[in-house]
Amino acid sequence: MDVRTLMRRAALNYSDQVAVISGDRQLSYTEAWDRGLRMANGLLDLGLRPGDRVAVLEDNTLEAQDFFAGTTIAGLVRVPLYARDSREAHMHNLRHTQCRALVVSPKYYELVKGLEDAIDDLDHILLRDEKYEDWLASQTAIDPDVPLGSEDLYIIRHTGGTTGRAKGVANTHRTWLAACRDWTYALPPIAAGDSCLHVGPISHGSGYLYTPMWLQGACNILVEEVNPDAVLEIMRKLEVNYMFAVPTLLSMLASRRGVHPENFPKLKAILIAGAPITDRTAIDGCQAFGPVLHQLYGQTEALPATFMGPNDWFGTIPGSNPLRSAGRPLPFAELEIRDPQGTPLPTGEEGEIAIRCDGQMDGYWDDDELTHQKVVDGWVLTGDIGTLDQNGFLYVLDRKDDMIISGGYNIWPAELENAIASHPAVQEVAVVGVPHEKWGETPLAICVVDPEAKVDEKEIIELCVTRLGSYKKPTAVVFTSETLPKSPVGKLQRKKLREPYWPQRDRRVLV
């Protein structure tokens with residue numbers, strides 16, 4: 001099976017259903033597929049061929065659907081770029097994947113202007129300006145029906161890593177469909193005529209829901225900018241059934257005055273992924289929207305691996321603490337906890353999380369050495385540290401590289417961050433390891449609070465002692481009103497926070 005064939009079938013089966021809504025514009029399946037066909041032929045007429053890589057830099061607009069469908073129809077390989085990346089990062093991603101074309105919205109054109117002259121393989125930059133609609137209409141709507149197979153490359157997504165150059169994660173049509181299947185496998189059933197709200201770009205995480213919605217006759221609603229009040233109004237007005245949200249978005253929505261489950265009677269599921277979620281955010285989200293929160297865990301290289309619905313998440317299960325977990329392995333996924341030698345560990349022991357699933361990457365693009373380090377005997381080594389309990393719940397403790405070793409004790413920053421985030425004055429928190437003459441390194445908590453907040457260092461430290469024990473408490477607490485640094489995909493950049501405390505040191509440890 002390939003994505004194009006299945007999307008084509010859905011376009012025929014649900015021809016008159018609304019396929020996509022963006023602002024005050026909407027398209028039926030027939031109209032959306034027609035625009036996709038024209039986009040496909042327009043790209044092929046530029047001299048592109050199936051298998052060529054085509055990048056895109058855009059927000060969620062109606063035109064994003066043109067690219068999503070058009071590249072699929074033409075057998076081209078999508079390479080989404082991150083809107084928050086720098087020009088240098090865009091150059092790396094384009095050059096690294098040998099992109100022959102780039103489609104860009106006017107909002108981001110200055111970031112990439114002239115790159116066709118700086119990158120050998122980049123032959124075309126297609127700007128979606130005021131001429132775009134005429135250009136699209138001038139293309140033929142005849143299906144090019146290019147040869148496609150399940151093992152043909154479908155997409156290359158660059159990891160949002162916080163260190164070093166981004167790596168290209170390659171998925172075939174087969175692995176993309178498997179990942180999309182598993183994203184929705186444990187959700188309430190999708191019915192024709194349902195709707196899914198995409199606040200995050202469909203070029204990235206939310207795109208895993210876009211394809212299943214299309215294939216089952218649902219409507220994809222695209223939101224260009226993150227405005228919590230506007231998002232809530234869309235949810236009410238259009239009676240949204242599904243949506244994808246990172247924890248920060250859920251927190252913003254749940255904190256709005258008057259948000260209550262009765263305002264969203266048709267809401268079936270809010271799928272949470274992309275970053276760790278604190279207990280407080282999860283509980284606030286459940287109170288605001290009702291028992292509709294679902295969570296999955298994985299990473300770009302292998303996902304999804306675990307899943308949890310509201311009954312487990314907010315339920316009572318002897319021997320487990322679901323609120324602190326990332327759910328249990330999905331039916332089509334395997335998960336192990338491994339020691340540094342790669343040996344599987346028994347229940348309850350901490351080690352690196354290894355995943356094997358149908359939707360995992362075939363490898364990093366153009367980097368066999370790194371692929372062999374990441375994929376061992378068919379298992380993806382995540383770099384995350386975790387543990388499994390007797391009921392199969394996974395607890396993700398932290399990134400392997402973020403572990404703080406203080407006086408011989410292993411301390412995971414995420415554990416402290418979750419405890420500190422429960423304080424009502426703390427809006428956001430990061431914990432990093434800083435030098436300590438006696439202990440080697442020690443935890444430092446950086447808390448984002450309102451300038452008028454009444455909270456002090458002692459209060460935060462005592463909170464950690466009470467929740468976690470004395471040896472895990474931070475030695476110091478820094479308060480700020482500035483937002484903490486994030487990667488282009490919204491992941492906390494602990495390295496940037498840590499570096500000022502380790503000046504002129506070759507190693508981030510004391511010996």
Side-chain angles (χ1 to χ4, degrees), residues 1-20 22 27-56 58 60-80 97 99-105 123-124 126 128 132-157 170-177 179-180 198 201-203 207-220 222:
M1 289 188 295
D2 61 81
V3 182
R4 183 274 315 272
T5 300
L6 298 182
M7 288 187 69
R8 177 199 284 153
R9 183 182 67 191
L12 291 171
N13 291 346
Y14 306 109
S15 58
D16 294 330
Q17 296 268 35
V18 178
V20 58
S22 176
L27 298 171
S28 68
Y29 271 81
T30 295
E31 293 167 333
W33 192 246
D34 178 88
R35 288 175 68 97
L37 289 167
R38 294 177 188 277
M39 169 61 85
N41 287 311
L43 293 172
L44 293 173
D45 282 349
L46 293 176
L48 304 179
R49 294 294 176 261
D52 283 344
R53 275 73 65 199
V54 181
V56 66
E58 62 184 354
N60 276 354
T61 63
L62 201 71
E63 292 76 19
Q65 155 62 28
D66 298 343
F67 184 84
F68 199 104
T71 51
T72 301
I73 293 167
L76 298 167
V77 181
R78 294 191 291 132
V79 182
T97 50
C99 282
R100 291 198 57 206
L102 165 63
V103 178
V104 59
S105 64
D123 299 324
H124 310 281
L126 177 61
R128 288 200 188 115
Y132 171 73
E133 286 296 331
D134 288 339
W135 173 84
L136 189 68
S138 70
Q139 309 301 322
T140 178
I142 297 174
D143 194 329
D145 199 24
V146 302
L148 277 179
S150 62
E151 298 307 315
D152 288 330
L153 198 59
Y154 180 68
I155 187 171
I156 300 174
R157 289 184 57 206
N171 283 96
T172 63
H173 284 253
R174 174 183 56 80
T175 59
W176 176 258
L177 287 172
C180 290
H198 300 273
I202 61 170
S203 55
Y208 287 106
L209 287 180
Y210 197 93
T211 303
M213 295 296 160
W214 176 284
L215 297 185
Q216 296 182 85
C219 173
N220 285 297
L222 306 181

Side-chain donor-acceptor pair present, Y154, T175, cut-off under 3.5 Å: no
Taking side chain as C-beta onward, heavy atoms only, is L76 less than 4.5 Å from L43? yes
Side-chain touch N220/Q65, heavy atoms, less than 4.5 angstrom: no
About how many Å separate OG1 of T71 and CD1 of I155, when rounded to the nearest 0.5 Å? 8.0 Å
Between the side chains of E133 and R35, is the shortest nitrogen-to-carboxylate-oxygen separation below 4.0 Å, so that they form an ion pair? yes
Is a donor on one side and an acceptor on the other found under 3.5 Å between the side chain of S105 and the backbone of E58? no
Interatomic distance, CG@L222 vs NE2@H198, rounded to 0.5 Å, equals 6.5 Å
Any donor-acceptor pair under 3.5 Å from D2 side chain to H173 backbone: no
Can you list the residues that meet the ring pair (Phe, Tyr, Trp, His ring centres under 6.0 Å) rule with W214, with sequence neighbours excluded? Y29
In this structure, are over 12 heavy atoms from other groups packed under 6.0 Å from I142 atom CD1? no
All heavy atoms of S203 vs all of P80, minimum pair found to be O-CG, 3.2 Å
Using modelled atom types and a 3.5 Å cut-off, is there a donor and acceptor pairing between side-chain atoms of R38 and backbone atoms of A137? yes
Roughly how far, to the nearest 0.5 Å, is CG of L102 from NE2 of H124? 11.5 Å
Nearest-0.5 Å distance that lies between atom CD1 in I73 and atom CE in M39: 10.5 Å
Say whether, by atom type as modelled, one donor and one acceptor occur between the side chain of N41 and the main chain of L37 under 3.5 angstrom. yes
Work out which heavy atom in D145 is nearest to a heavy atom in D143; give both atom names and the distance. N-OD1, 2.8 Å
With rounding to the nearest 0.5 angstrom, report the CZ to CG distance, R157 to N171. 8.5 Å
When you look at R174 and T172, which way does the side-chain contact (heavy atoms from CB on, under 4.5 Å) test go after all the steps? CA-CA 5 Å; R174 174 183 56 80; T172 63; 3.7 Å; yes
Tightest non-hydrogen contact, residues A19 and A32, listed as CB-CB, 4.2 Å
Could you grab the distance from atom CD1 of I156 to atom CZ of R53, nearest 0.5 Å is fine? 6.0 Å
In sequence, state the C-alpha distance, the side-chain angles, and the governing distance for M7 and L215, and then conclude on side-chain contact (heavy atoms from CB on, under 4.5 Å). CA-CA 6 Å; M7 288 187 69; L215 297 185; 4.0 Å; yes
Partner residues of Y208 under the ring pair (Phe, Tyr, Trp, His ring centres under 6.0 Å) criterion, sequence neighbours left out: W176, W183
May I have the step-by-step check of side-chain contact (heavy atoms from CB on, under 4.5 Å) for L48 and V54, ending in yes or no? CA-CA 9 Å; L48 304 179; V54 181; 3.7 Å; yes
Is there a side-chain contact between P201 and N60, using heavy atoms and a 4.5 Å cut-off? yes
Please find the pair of heavy atoms, one from L62 and one from S22, that lie closest to each other, and give the distance. N-OG, 3.4 Å
Do the side chains of E63 and L136 get nearer than 4.5 Å, heavy atoms only? no
Which atom of C180 lies closest to which atom of T211, heavy atoms considered: SG-CB, 3.9 Å
Work out which heavy atom in L44 is nearest to a heavy atom in P144; give both atom names and the distance. CD1-CB, 3.8 Å
Could you walk me through whether F68 and V3 pass the side-chain contact (heavy atoms from CB on, under 4.5 Å) check? CA-CA 11 Å; F68 199 104; V3 182; 5.7 Å; no
